[in-house]
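Have a look at the structure below, then the notes.
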Amino acid sequence: MNISKEQIDDLNAVVKVNISKEDYHDKVEKILKDYRRQANIPGFRKGQVPMGLIKKQYGRAVLVDEVNKLLQDNLNKYLNEEKLDVLGNPLPKQQDSFDWDREEFSFEFELGLAPEFEATLKTKKPVTHYKIVADKKMIDEQLERIRKQYGKLVSKKDVGKKDEVTGTFFNEAEEIDHKSTLELDKIKSKKALESLLGKKAGEAVTLKTKGLCKEDYLLSGALGINRDKAEKLDIEVKFTIDEINERQPAELNQELFDKLFGKDKVTSEKALKERLKTDAEKQFEQQSDQKLLNDVTERLIETTKFELPTEFLKKWIQMTGEKPLSPEEANDEYEKSEKGLRYQLIEGKIIKDHNIELTYDELKEFTKGFIKSQMAQYGQMNPAEEELDAIAGRVMSNQEEVKRLSEQLMSQKLLALYKEKANLKVKEVTYENFVKEVYG
């Protein structure tokens, strides 16, 4: 067998594979002899079928199969030994008249080669690294929510502007018959609010659903229907009041502090606000980090210039899908995937240049950390190390989970590298302004 490469240009090559009779003959003969021993053909005893008949019936199929196996095994071996960084897979060149009756065969494969380039993290234009801070307004609002959440309900005779009214919503046509609590400070409709004020338990009012609540999800919960339906609903519902309560906010005292954070962890209103600020900003880090990761990715794609074997890749897309595509369809698919391919190459280059690796122990510890955070959401704050090891072992036996967690861990490592090496400009913003700037 002889394999050679013809370099067309920096991004394209053709590999020629010549297979002689000596490469496949012994293997084909052995398989055919095995077929002869096992063959059950009417008129012949088992194992006594003439070899000529076996070759006539099975020879071509066995030959094709063995030549293809030889071809794939040796082509892959050649690519690895020559350290050829190919994009996609080798594409066989079509031959108009291929003759399987010959003893020697020649095959040609087109290769699309990965470009050589430099990936520089110190881009000329800096990338904004948002540091999201919790401002006084946010802390005060959170403090108000906490006091309300841990406050007490005081029964009232008639409805006031800041009360909570529990009752039943009813509409026969829409099959609505749902008991829920309506907070009057969440009502948007002035007309609805006026109709409720002063009412007593046992009385009923008619409310229009459209524009009733400040948020669609509030209407969905009040009526016991899904959110999509609530967004489109424009009907009248009868609301019968069962009870009226005023929620008196909890006092900012040690009893409340201990409920929130444990005994004596926080001992003053000032310390409480500092703790709320710290916790909020820690939660914001994940959004800030994801934004940074996305922005550095975009900047690297924008500034790292290299050519791709475009025509080869379009042909590869056209020929290797579940069904063949037209040239126009392949061109559309290429345009959709080009940006992702470019970043895969850039990311691979960065990982290689900075010697970033994932070890089994690192992945296992990362997996245990992920499991621990999941368990904490269900109140299991201190799981035993043996339990974590056992669960991590089960998770890591699933290849899909290993792939997903590996990608997450690699993203963390790249993020740490970008924070250290990339040209970043830190910008402090409130969460409200962050949302405006990032999401409009």
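Heavy atoms only: backbone and side chains are in, while hydrogens, waters and symmetry mates are out. In this text, all values refer to a predicted model and were calculated from it rather than measured experimentally.
Of the possible polar contacts, none joining the Q287 side chain to the I132 backbone as a donor-acceptor pair under 3.5 Å is found. For the pair R342 (side chain) and L300 (backbone), a donor-acceptor distance under 3.5 Å is absent. The closest donor-acceptor contact from the side chain of R147 to the backbone of A250 lies under 3.5 Å. Side chain of D10 to backbone of P115: no donor-acceptor contact under 3.5 angstrom is found. Judged by distance alone, with hydrogens and angles left aside, the side-chain atoms of T310 form a donor-acceptor pair with the main-chain N or O of L308 at under 3.5 Å. Under a 3.5 Å cut-off, the side chain of K277 and the backbone N or O of A134 do form a donor-acceptor pair. T120 places no side-chain N or O within donor-acceptor distance of the main-chain N or O of T123, the cut-off being under 3.5 Å. No donor-acceptor pair closer than 3.5 Å links the side chain of S189 to the backbone N or O of L212. N253 contributes a side-chain N or O that, together with a main-chain N or O of L256, makes up a donor-acceptor pair within less than 3.5 Å. For the pair S288 (side chain) and F284 (backbone), a donor-acceptor distance under 3.5 Å is absent.
Side-chain atoms of L197 and L184, non-hydrogen and from C-beta on, do get closer than 4.5 Å to each other. Considering only heavy atoms from C-beta on, E66 stays 4.5 Å or farther from L70 through its side chain. Contact check for L292 versus N294: no side-chain heavy atoms found under the 4.5 Å cut-off. With contacts defined as side-chain heavy-atom distances shorter than 4.5 Å, the pair E110/F312 qualifies. The closest side-chain heavy-atom distance from E174 to I235 is below 4.5 Å. Side-chain contact between L325 and T320 is absent, with no heavy atoms from C-beta onward closer than 4.5 Å. The shortest distance between side-chain heavy atoms of Y150 and L260 falls below 4.5 Å. At a threshold of 4.5 Å between non-hydrogen side-chain atoms, the residues D258 and K263 count as touching.
Among H178, K238, K179, the one residue that satisfies the side-chain contact (heavy atoms from CB on, under 4.5 Å) test with T168 is K179. Looking at N74, V67, I3 one by one, the single match for side-chain contact (heavy atoms from CB on, under 4.5 Å) with I19 turns out to be V67.
Ion pair K69/D65 flagged as a salt bridge, since at least one NZ, NE, NH1 or NH2 atom sits closer than 4.0 Å to an Asp/Glu carboxylate oxygen. E243 and K156 are not joined by a salt bridge, as no carboxylate oxygen comes within less than 4.0 angstrom of a charged side-chain nitrogen. Salt bridge annotation for K148-D185: present, with a cationic side-chain nitrogen under 4.0 angstrom from a carboxylate oxygen. Ion pair E298/K339 flagged as a salt bridge, since at least one NZ, NE, NH1 or NH2 atom sits closer than 4.0 Å to an Asp/Glu carboxylate oxygen. Taking a cutoff of 4.0 Å between a charged side-chain nitrogen and a carboxylate oxygen, K232 and D228 do not qualify as a salt bridge. With respect to the salt-bridge test (charged N to carboxylate O, under 4.0 angstrom), the residues E194 and K190 do not qualify. Checked for salt-bridge contact, K336 and E333 meet the test: a charged N lies under 4.0 Å from a carboxylate O. Ion pairing between a basic and an acidic side chain is recognised when a charged N comes within 4.0 Å of a carboxylate O; K137 and E432 show such pairing. Electrostatic pairing of D279 and R275 counts as a salt bridge here, judged by a charged N lying under 4.0 Å from a carboxylate O. Salt-bridge check for E362 with K413: passed, with a basic side-chain N closer than 4.0 Å to an acidic carboxylate O. D389 has a carboxylate O that lies under 4.0 Å from a charged side-chain N of K368, or vice versa, which qualifies the two as a salt bridge.
Aromatic ring centres of F239 and F170 lie farther apart than the 6.0 Å criterion allows. Between F109 and Y78, the distance separating the two ring centers is not shorter than 6.0 angstrom.
Enclosure of atom CD in E144 is not indicated, since only 12 or fewer non-hydrogen atoms of other residues, nucleotides or ligands lie within 6.0 angstrom. Residue-environment remark: CD (E251) stays at or below the threshold of 12 foreign heavy atoms within 6.0 Å. Within a 6.0 Å sphere centred on NZ of K372, other residues, nucleotides and ligands contribute 12 heavy atoms or fewer. Taking a 6.0 Å sphere around NZ of K122, one finds it holds more than 12 heavy atoms contributed by other residues, nucleotides or ligands. The number of heavy-atom neighbours closer than 6.0 Å to CD of E400, taken from other residues, nucleotides and ligands shown, is 12 or below. More than 12 heavy-atom neighbours from other residues, nucleotides or ligands sit within 6.0 angstrom of CG on D99. The number of heavy-atom neighbours closer than 6.0 Å to OH of Y378, taken from other residues, nucleotides and ligands shown, is 12 or below. No more than 12 heavy atoms of other residues, nucleotides or ligands lie within 6.0 Å of NZ in K131, so this atom counts as exposed by the packing criterion.
The distance from atom CD of E164 to atom CD1 of I244, rounded to the nearest 0.5 Å, is 12.0 Å. Here L11 contributes atom CG and E116 contributes atom CD; the two are 9.5 Å apart, rounded to the nearest 0.5 Å. Rounding to the nearest 0.5 Å places CG of D163 at 8.0 Å from CG of D158. The CD1 atom of I346 sits 12.0 Å away from atom CD of E118, with the distance rounded to the nearest 0.5 Å. How far OG1 of T304 is from NZ of K349: 10.5 Å, rounded to the nearest 0.5 Å.
When all heavy atoms are compared, the tightest approach of S220 to I225 is OG-O, 2.5 Å. When every heavy atom of L207 is checked against every heavy atom of S195, the shortest pair comes out as CD2-OG, 3.6 Å.
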>> For E437 and N433: C-alpha separation, side-chain torsions, deciding distance, then whether side-chain hydrogen bond (donor to acceptor under 3.5 Å, both in side chains) applies.
In response: CA-CA 6 Å; E437 281 196 37; N433 287 335; over 6 Å; no
>> As a quick check of understanding, evaluate side-chain hydrogen bond (donor to acceptor under 3.5 Å, both in side chains) for T181 and T166, giving each step before the final call.
In response: CA-CA 4 Å; T181 298; T166 300; 2.8 Å; yes
>> As a quick check of understanding, evaluate side-chain contact (heavy atoms from CB on, under 4.5 Å) for Q380 and E387, giving each step before the final call.
In response: CA-CA 12 Å; Q380 294 176 263; E387 184 180 9; 4.2 Å; yes
>> Show, in sequence, the C-alpha distance, side-chain angles and deciding distance for D9 and N12, and conclude whether the side-chain contact (heavy atoms from CB on, under 4.5 Å) test is met.
In response: CA-CA 5 Å; D9 55 39; N12 295 275; 3.1 Å; yes
> Which is it for K314 and N331 under the side-chain hydrogen bond (donor to acceptor under 3.5 Å, both in side chains) test, yes or no, and what are the steps along the way?
Replying inline: CA-CA 6 Å; K314 288 179 180 179; N331 186 67; 2.7 Å; yes
>> The test is side-chain contact (heavy atoms from CB on, under 4.5 Å); show your working for D332 and E329 and say whether it passes.
In response: CA-CA 5 Å; D332 288 344; E329 289 171 328; 5.6 Å; no
>> L409 vs T367, test: side-chain contact (heavy atoms from CB on, under 4.5 Å). Steps then yes/no.
In response: CA-CA 9 Å; L409 180 54; T367 303; over 6 Å; no
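Note on ring orientation: taking the six-membered ring where Trp is involved, the planes of Y58 and Y35 are perpendicular (angle over 60°, cut-offs 30° and 60°). Ring-plane geometry between F434 and Y130 is classed as perpendicular, the angle between the planes exceeding 60 degrees on a 0 to 90 degree scale with a lower cut at 30.
Remark: R404 is positioned above the aromatic ring of F370, its terminal NZ or CZ atom under 6.0 angstrom from the ring centre and at most 45 degrees off the axis.
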